[in-house]
Each structure stands twice: as structure tokens, then as C-alpha cells.
Amino acid sequence: MNIFAVYKDLVLAQVAALVSEGSLPDGLDTGRLTVEPPRDPSHGDMATNAAMVLAKPAGLKPRDLAERLAARLATISGVTAAEVAGPGFINLRLSAAIWIGCLRDCLRAGPGYGDSRMGNRRKVNVEFVSANPTGPMHVGHARGAVVGDVLAALLEKAGFRVTREYYINDAGAQVDALARAAHARYLQALGRLSDDDLAGMLARKDLEYGGDYLVPVGQALAERVEDQYADAPEAQWLEPVRDLAVEMMLDRIRDDLDALGVRFDVFTSERGLVAAGRVDGTLAWLEEQGLIYTGVLEPPKGKAPEDWEPRPQTLFRATDYGDDVDRPVRKSDGSWTYFAGDMAYHRDKVERGFEELINVFGADHGGYVKRLQAVVKAVSDGRATLDVKLCQLVKLLDRGEPVKMSKRAGTFVTLRDVVDRVGKDVVRFIMLTRKNDASLDFDFAKVTEQSRDNPVWYVQYAHARACSVLRHAGEVFPGRDLSPAALADGPLEVLDAPEDLEVVRVLAGWPRLVESAAEAHEPHRVAYYMAEVAGAFHGLWTKGKDDTELRFLIPEDETRSLARLALVQGVATVIASGLQVFGVQPVEELR
RNA sequence: GCGCCCGUAGCUCAACUGGAUAGAGCAUCCGCCUUCUAAGCGGACGGCUGCAGGUUCAAGUCCUGCCGGGCGCGCCA
């Protein structure tokens, strides 16, 4: 339960009361009315801008309206003070009992605390990773994978029904190039191609993919078909070799994603869409809508492409839906462009009943966003929306020094390398310590360091510390039921110290944070919030060093101890809840 | 040339979709361990939010124009 949403409803009810008594005109827009924690804690527990938002359309002075509304708000149960401040804010102070109630909710809900019905079971489609099946994934893919997976989990927690999808780019020139490289490895496995020959082909760019990861594909081929494809023309082997290579690459990608703790509900094959006639169908439909035509595009200005010459192309009227230019859907050889496949895929998503689509892409796909949004609008008659989260670069470092990566030198760092080196939990958490559109430093030394400036460790330490107190409590109060449920039923009103209540308030903010982060599609906010919880807890801990009254365990005062243990349990619960969204295992003890 | 993203303390970054006096960490300086994990905590220092206008009760946030950085720009995916 989001306590701020609860009080927003109460404020809205009082606004409605002012309307019905004639103090306010009917039909006011309350859409911009907010109830939120003030930045400055001295302003109270909650602040509302109601009077400022409503004053102008109501023809009133903000402060006058604020006074009238504040008088009513002061009568609401749980509100101990409602003061007008600044340009017309109303600051509310809530009784400690309200916050204690939040803590009880938290303990009873466990890691499910913060679950929301905001999404109202609406379907959301999150497409992410969608890495080409032409090789192993690198760290950049890891970021997209984590952002997508955790965004999906966050939306689920906020009450949406989420489908995680991966689009397989298995049509087009890239996978043909993969097939040729796999075939070379096959010849190598048969002993028909020397290492030098292979190196020569790579150097001449006759082969695009030279990584060792294709060696097993070549061997598998050699075992299955022996020398059947050795002297055969490309037309004979390209397809079967390609299919096997793609399948093996996908197996590896799935394994790597699994190691990172990422799973998908749906894999959609581009080739499959084409084969099923979905691309033809989509284009035919668009043509019926008058959205396909043959035309000649202007050259991009200022860029002066040397080989540019005007030629007629089959184009989609993306400009009708906000794109900058119309986009080609067919290549000159008659086959579909990549974009045509993506049009069919997004139409497919819409036809499966999704009206909220999210794609997680690398930042280099930024130029692709508008045309996809245009497609989504076109095929859904404007009902569906597409939000694209562009993930910036991950810079790999070690002790501040950039990790040099080169495919040729074999020093390329794959997703698997990183996961194997620091563990999936660290990778997942660190990937969320920046906004998706900001570049991110991933320093091998720092992310495993046990210090304040390693957010993973800092948060885990808080959780472990909380667990440590709870373990210790079992020894101090043997035989006592210290389960969260039992703690929740205790006389928590004794938590009257401002220092205690401050932490309780932070914990009570979790449901609100879940909703706002989910709405904004910004999972990184959860990381910052967890760091805040950890900081509040570490601070309270240390205060117990100076002031024994603030210690969690006071052997001679069992009542107070149990109440504080409830608070400690609350900290552990909220952190565990946040880590659950992240797909990270909470640590109960530091080694 | 056009489009998208970004520009906030010396450094790395927040800022709850427009709220009050812009916040953390690192670095620097000063404090706190016979007591639940000091692997931590508290305090000080640090700002014309790139620049200039505009919108309004209110702008880091929205609009316009510049400056600077990244990405992209007709049959690659």
C-alpha cells in the first residue's frame, strides 16, 4: 500500500468536499495534484501542491485556498498538523501510528511489500537483448539484458502482466556471413583448410567472423555430414549450415543469459515471420491503408554520400507518424529489409493484445526509434505506445585502467567472462547503478571491493548487518518468537525516537518508489533507493554506539528491543524486496 | 547539414515526469571503536545546474537559439 497514494485520495476527497459546499467550482482538473514527501524533512511528512494547482482555474489566491483546504485536511484521521507554507504548499504531519502501521504492513507482507495494483493487470511487452545470433554476447548486451529483465520484474511488482521477448535476427546478410565462417571452420575440422588459410581469409575479409567460438560448430558439422559439404557449392550448404550455426549460437546465448539469471517468455524468429508470410501480410495491410508507395528519397544533407544516386524504392510513410523520412522496406534484390521484418514483428505484438510496448536497445540504435514508433502507431491505429530505452556504453575498467579489448588479440571480454569473474549478482546490481542513457563504468576491482563506494556491497552489508542483529537477538531473548509476523504484532508504538521513525519513514516509501519507478520505466531508481535504506540503517546503527538508548538490543528492555527488531526486520525485508526485483540474492552474512 | 541522447560540486553521479534553501559518494580537512559487524558513522569544505532568452504562482526539469560531447542518418542488423 502506497501511503502517499492513500493520502492523495484523502486530499482529493477534501477538494471534492470544497466543491460540494460551493467553495470551489466543479470540474477542476486535479491531474497535476500531487502528495509527496517534501525535500526538506522539516516541512513535515507529506506536502501537497493542491492549492497551487487549483487556485488559478478556481479564481482564488493560492494561499487563501490553501488555508481553507488545510483546515479540512487537519481533520483527517492520522493528520496531526496541516500547515500552509511558501507559495501555497500544504504540509502535513502524520502521527507516528501511521508510520508504525506501514512498518507492520511491511513485516506482514515480507518481500512482497511494495507490490502494487497500479498496473491493473495490463499487458506489457518488454523486448530486450535481441542480440544477433552471430557470436557470444559482450558486456554491452549484459546491460541491456539486466535493464530489460529488471524493468520487467519491476512492472510485474507494480501489477502489470509482463512478457519478456527476444527477437532473433536470423534473416539477412549477417547470418549468411556466419554460415560462411562456420563452413570454413567445418573445412578446418575436416583438415581441408589450414590455420594459415583461415587467417588469410579473415585478413582479406573473405570471412567476417573469425572467433574461436565457431570451432565447435565446424566440428559438429563435420560429425554430422562428414565431407558432404566440403566440395559442394555454397547454394547447397548455406542454408543447413546457417541453421545449425544459428541454433548453436542461440544455445550459447541462452546459456549465457541463464548464467546472468535472465529468462525469456517468447523468442521470435525473423526468418520465421518471413516464412509464415507475416511480413507479406503486414506490407499488404499497410498498402491497403495507403501507407506504402514507391518513391525516391532525398540524400542526407551535408553528409555527401559518394555513391549516392536517386533510385525508386518501396517506402513506408513513416513521416505520417512523426518520423523524419519515409523508410525503405525492400532491398533492390526484392527481399525485405530488416525494417520490414521489424514492422511485422511489432504488428504481431500488437495483435497479441499488447498496447504497451517497451524495447531495450543499445544507444547505437537511437536512429531507429522514431520509425518503430511510427510503425506501432500505424498498426495499432494509435492505441499502442512504444517506449524505447537506449542503453549507453559500459566501460570496462580494472583499478581505474581501461580493459583493452580486441577481437583479434583474443582479449575480448564476453558477458560470460564478466559473470564468471564477479558473479551474476554483482553484474546485475552494478548495471542498474546508472540511468540507462548514461554511460557506466564497470571496474572489476571496485565492484568486488568491500567499501562504502561500492553500492552492491554497501546494500548487502546493511542486509547482513540486519540479519546479524536478528541472529544475535535469538541469543539475548531465547525462546522469544522473533518471526516477522510476531514482531509486527508487538507494541511498536514504543518506537518514538525521531531516529527510529526516520528509518521507518524511509521504509514506508518503498511502495511509492516501486510505483513511480515502474511508471517512469526507470529501474535504476531502485538501486538508489536501496542505498538510501542502507545509509539510514547504517546511520542508526552507529548512533547506537554513542547512545545506548538507541541500540537495537537492550537486554533489560525487552519491549523496546522487540520493537527495534521489528524495525531491523523491516530494513532487511525492504532490501530483500528490492533485491528480489533486481534478481539478486540478499546476503545474510559477510565472510 | 538533419534527428535523438547528454551537459549539475575538483571527480563519478542523484534529484520522486514542474515544487520550497539542487542532494549523495569519492577526494581534502576535523571528529567517533572496552558495547549489536568501524568493511561503518557524524561534521566541514565545495554550485550562476554549459550560455542567452521565453513559458508561470513555481524551471536542473518544459519551449526557442547558440556552445560543447556521444550516437545515428537510402537496399547492415
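If you're wondering where the values come from, they're calculated on a predicted model, not measured in any experiment. A note on names: the letters A, B, ... follow the listed sequences, proteins ahead of strands, and every chain is numbered from 1.
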Please report the distance separating the C1' of B:C13 from the corresponding atom of B:C6, rounded so that it comes out in whole Å. 13 Å
Any base atoms under 4.0 Å from A:Leu553, or only sugar-phosphate, or nothing? Heavy atoms, all strands. base
Assess whether a salt bridge exists between A:Asp324 and A:Lys370, defined as any Lys/Arg side-chain N lying under 4.0 Å from an Asp/Glu carboxylate O. yes
Pairwise C1' distance, B:U12 and B:A20 [rounded to whole Å]: 28 Å
Looking at every strand, decide which applies to A:Ala517 at a 4.0 Å heavy-atom threshold: base, sugar-phosphate, or nothing. nothing
Measuring from the side chain of A:Lys435 (C-beta onward, heavy atoms only), which nucleotide among B:A15, B:C57, B:A38 has the closest atom? B:A15
CD of A:Glu519: more than 12 outside heavy atoms within 6.0 angstrom? no
Contact class for A:Ser516 (heavy atom, under 4.0 Å): base, sugar-phosphate, or nothing? sugar-phosphate
Regarding the side chain of A:Gln174, the nearest nucleotide among B:A14, B:A77, B:C36 is B:A77
Once you apply a heavy-atom cut-off of 4.0 Å, does A:Ala520 come out as touching a base, just sugar-phosphate, or nothing? base
Taking B:G65 as the reference, what is the distance to B:G74 when you measure between their C1' atoms (whole Å, please)? 31 Å
Which value, in whole Å, describes the distance between the C1' atoms of nucleotides B:G7 and B:G68? 8 Å
Name the nucleic acid region contacted by A:Glu309, choosing base, sugar-phosphate or nothing; use a 4.0 angstrom heavy-atom cut-off, strictly under. base
Any base atoms under 4.0 Å from A:Lys543, or only sugar-phosphate, or nothing? Heavy atoms, all strands. nothing
Return the nearest nucleotide to the side chain of A:Lys56; candidates are B:U56, B:C13, B:C4. B:U56
Could you list, one pair per line, each protein nitrogen or oxygen that sits under 3.5 Å from a nitrogen or oxygen of nucleotides 19-24 of chain B, together with the distance?
unit_1: B:G19; atom_1: N7; unit_2: A:Asn49; atom_2: ND2; d: 3.4
unit_1: B:A20; atom_1: OP1; unit_2: A:Arg39; atom_2: NH1; d: 3.2
unit_1: B:A20; atom_1: OP2; unit_2: A:Arg39; atom_2: NE; d: 3.3
unit_1: B:A20; atom_1: OP2; unit_2: A:Arg39; atom_2: NH1; d: 3.1
unit_1: B:A20; atom_1: N6; unit_2: A:Asn91; atom_2: OD1; d: 2.4
unit_1: B:A20; atom_1: N1; unit_2: A:Asn91; atom_2: OD1; d: 3.1
unit_1: B:A20; atom_1: N1; unit_2: A:Asn91; atom_2: ND2; d: 3.0

C1' atoms of B:G18 and B:A58, separation to the nearest Å: 7 Å
A:Lys446 has an atom NZ; how far is it from atom C1' of B:C11, in whole Å? 10 Å
Any side-chain N or O of A:Ser468 under 4.0 Å from OP1/OP2 of B:U37? yes
Please report, rounded to the nearest Å, how far the C1' atom of B:C11 is from the CZ atom of A:Arg434. 11 Å
Pairs under 3.5 Å (Watson-Crick or G-U), crossing ones as [ ], inter-strand ones as |: RNA chain B comes out as (((((.(..((((.....[...)))).(((((.......))))).....(((((..]....)))))).)))))....
How is A:Tyr458 classified with respect to the nucleic acid when contacts are heavy atoms under 4.0 Å: base, sugar-phosphate, or nothing? sugar-phosphate
Rounding to an integer number of Å, can you tell me how far A:Lys389 NZ sits from B:C5 P? 11 Å
Rounded to whole angstroms, how far apart are CD on A:Gln373 and P on B:C4? 11 Å
For a quick check of understanding: with a heavy-atom distance under 4.0 Å over all strands, which category does A:Pro37 fall into, base, sugar-phosphate or nothing? base
Considering only the C1' atoms, how many Å lie between B:C41 and B:C36, rounded to the nearest integer? 15 Å
Please tell me if A:Lys545 has a side-chain N or O lying less than 4.0 Å from either OP1 or OP2 of B:C36. yes
Could you measure between the two P atoms, the one in B:G60 and the one in B:U17, and give it in whole Å? 16 Å
Where the side chain of A:Thr542 is concerned, which of B:C41, B:C16, B:A77 is the nearest nucleotide? B:C41
For a quick check of understanding: with a heavy-atom distance under 4.0 Å over all strands, which category does A:Tyr528 fall into, base, sugar-phosphate or nothing? sugar-phosphate
If I pick the P atom on B:U49 and the same atom on B:C11, what distance separates them, to the nearest angstrom? 15 Å
Roughly how many Å is it from CG in A:Leu297 to C1' in B:G3, rounded to a whole number? 15 Å
From the candidates B:C36, B:A77, B:G40, the one with an atom nearest any side-chain atom of A:Glu270 is B:A77
Between A:Asp64 and A:Lys61, is the closest basic N to carboxylate O distance under 4.0 Å? no
Any side-chain donor near an acceptor of the partner, A:Gln174 and A:Tyr338, under 3.5 Å: no
List every contact pair, protein side and nucleotides 68-71 of chain B side both N or O, where the distance is under 3.5 Å.
unit_1: B:C71; atom_1: O2'; unit_2: A:Ala363; atom_2: O; d: 3.0

Heavy atoms only, 4.0 Å cut-off, all strands: where does A:Ser335 land among base, sugar-phosphate and nothing? nothing
